[in-house]
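In what follows, chains are A, B, ... by sequence order, proteins preceding strands, each numbered from 1.
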Amino acid sequence: MLKIALPARRPFNFPSVVNSHGWRQLAPFHFENDVLSYVDHLSTKRVVEYRITAASAGVQVETEKLNKSEQREVTDKITWMFGLDMDFTNFHAASRLEPKLARAKKQALGRVLRSPTLFEDVVKTIFTTNTLWAVTKNMSRKLVDEFGIALSEKNARSPLSALENNKSFPTPEAIAASTPDFIKEKIRVGYRAPAIYDLAFRIASGKYDLEALKTSSLPTLELRKELMTIKGVGPYAPANLLMILGRHDFIPIDSYALKMVSHEWYKGKPITAREVERRFEKWGAYKGLAFWFWDWKYNG
DNA sequence: GGTAGACCTGGACGC
DNA sequence: GCGTCCAGGTCTACC
């Protein structure tokens with residue numbers, strides 16, 4: 001067994017990242033007893049499981065024995081997934097005088113849990129649209145079960161594995177080798193199937209470098225436009241993806257957002273996206289963060 | 001640029 | 001059981 005300790009820029013809080021949104025509940029993530037598990041497909045074709053826990057200065061990753069290049073890959077991926085090197089000093093300073101965000105620095109709020117690839121995050125974001133969370137979980141589970149690659153039998157049997165179905169998130173190539181009709185019928189993603197297939201196909205065929213957006217220097221507005229060129233990504237989805245990419249100047253306004261803001265300031269009456277924008281306008285470059293980590297009085 | 005309506009799914013609810 | 005509604009939206013046609 002291999003243990004890798006990875007330091008984080010302070011302040012850092014493991015539970016705050018894991019609980020930042022629902023990704024921990026979507027395959028191939030699994031969260032239980034303070035351990036975040038994830039099955040990953042390395043570039044060397046090996047499929048390994050990470051068991052990630054809180055450590056004094058960051059996180060600790062337990063996995064099987066890896067060579068040096070694999071260790072570097074795992075280090076890079078976990079650093080990205082947890083945003084270990086991200087700096088939220090300015091957001092924490094701005095939050096200090098807002099009672100609804102005063103806990104931000106103490107709880108190290110700001111980071112959101114990411115998947116190793118933007119491809120996985122885009123697919124899962126599309127799975128969250130216009131459906132129930134339980135259905136989103138089903139879609140993710142089925143996609144992993146159908147197209148993912150299993151841990152080797154030896155590793156799946158080891159006490160390290162906490163998962164029922166030990167498969168990695170599928171590569172674009174694996175999905176592109178299928179068809180939209182098969183994806184629709186087998187994964188039960190409905191009208192989202194052509195969008196998932198199209199994205200996978202464009203990446204697999206080398207026509208589109210989605211992962212390059214992780215390090216893009218485009219202004220946020222341009223980056224948003226770029227994300228909206230992806231089928232199935234409308235006005236809501238890019239705001240969610242921009243948060244994942246560390247851009248916080250857009251609010252993911254969905255039915256949940258409208259409900260929260262309505263109960264916070266409008267006595268539960270129906271409102272539009274304009275009211276949500278207006279309430280968080282003053283947070284400027286941090287309005288996505290302010291919205292995301294707001295201590296809502298309504299919790300329904 | 002704003003808006004209406006169709007679109008998959010599956011859990012919740014009322015009958 | 002069965003029908004209807006709705007949920008962490010998107011897309012297209014139309015005005």
Among [options], which is the nearest nucleotide to the side chain of [X]?
X: A:V135; options: C:dT10, C:dG8, B:dG10; result: B:dG10
X: A:N240; options: B:dC7, B:dT9, C:dG8; result: C:dG8
X: A:W292; options: C:dG8, B:dG10, C:dA7; result: C:dG8

When rounded to the nearest Å, what value does the distance between [atom1] atoms of [N] and [M] take?
N: C:dT4; M: B:dA6; atom1: P; value: 15 Å
N: C:dG8; M: B:dA4; atom1: C1'; value: 22 Å
N: B:dG11; M: C:dT10; atom1: P; value: 23 Å
N: B:dG5; M: C:dC6; atom1: C1'; value: 16 Å

Sugar-phosphate, base or nothing in reach of A:P252, heavy atoms under 4.0 Å: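 No contact at all - A:P252 keeps every heavy atom at 4.0 Å or more from the nucleic acid.
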Pair A:R279 + A:E275, salt bridge at N-O below 4.0 Å: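 No, A:R279 and A:E275 are not salt-bridged.
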Within this structure, what is the [atom1]-to-[atom2] distance between [X] and [N], rounded to whole angstrom?
X: A:I253; N: C:dA7; atom1: CD1; atom2: C1'; value: 17 Å
X: A:I126; N: B:dC7; atom1: CD1; atom2: P; value: 20 Å
X: A:I271; N: C:dG8; atom1: CD1; atom2: C1'; value: 14 Å
X: A:L132; N: C:dC6; atom1: CG; atom2: C1'; value: 7 Å
X: A:Y236; N: C:dA7; atom1: OH; atom2: C1'; value: 12 Å
X: A:N130; N: C:dC5; atom1: CG; atom2: C1'; value: 13 Å
X: A:F127; N: B:dC8; atom1: CZ; atom2: P; value: 15 Å
X: A:K142; N: B:dC8; atom1: NZ; atom2: C1'; value: 13 Å

Aromatic contact, A:F82 with A:F14 (centres under 6.0 Å): yes
Test of ring centre spacing under 6.0 Å for A:Y256 and A:W292: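 Judged by ring-centre distance (under 6.0 Å), A:Y256 and A:W292 do not meet the cut-off.
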A:V59 and its side chain to side chain contact (heavy atoms under 4.5 Å, CB included) partner, picked from A:T79, A:I4, A:V17, A:I52: A:I52
Along DNA chain C (nearest heavy atom to each residue), the more 5'-positioned of A:A257 and A:K231: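 This one resolves to A:A257.
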Comparing A:G232 and A:T131 on DNA chain C - which has the more 5′ nearest nucleotide: A:T131
A:D34 CG: over 12 foreign heavy atoms closer than 6.0 Å: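 It does not: A:D34 CG has 12 such atoms or fewer within range.
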Watson-Crick or G-U counterpart of C:dG8, or none if no pair lies under 3.5 Å: none
G-U wobble or Watson-Crick pairing nucleotide for B:dG14 (cut-off 3.5 Å, both distances): C:dC2
pair A:T129-A:R192: side-chain heavy atoms closer than 4.5 Å: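 A side-chain contact under 4.5 Å exists here.
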C:dG9 phosphate, OP1 or OP2, under 4.0 Å from A:S255 side-chain N/O: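 A:S255 to C:dG9 OP1/OP2: side-chain N or O found under 4.0 Å.
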For DNA chain C, the residues among residues 182-205 of chain A that have a non-hydrogen atom under 4.0 Å from it: A:Y191
Stepwise side-chain hydrogen bond (donor to acceptor under 3.5 Å, both in side chains) test for A:W283 and A:D249: CA-CA 8 Å; A:W283 291 92; A:D249 28 1; over 6 Å; no
Test side-chain hydrogen bond (donor to acceptor under 3.5 Å, both in side chains) applied to A:S16 and A:Q107, step by step: CA-CA 7 Å; A:S16 291; A:Q107 296 182 10; 4.9 Å; no
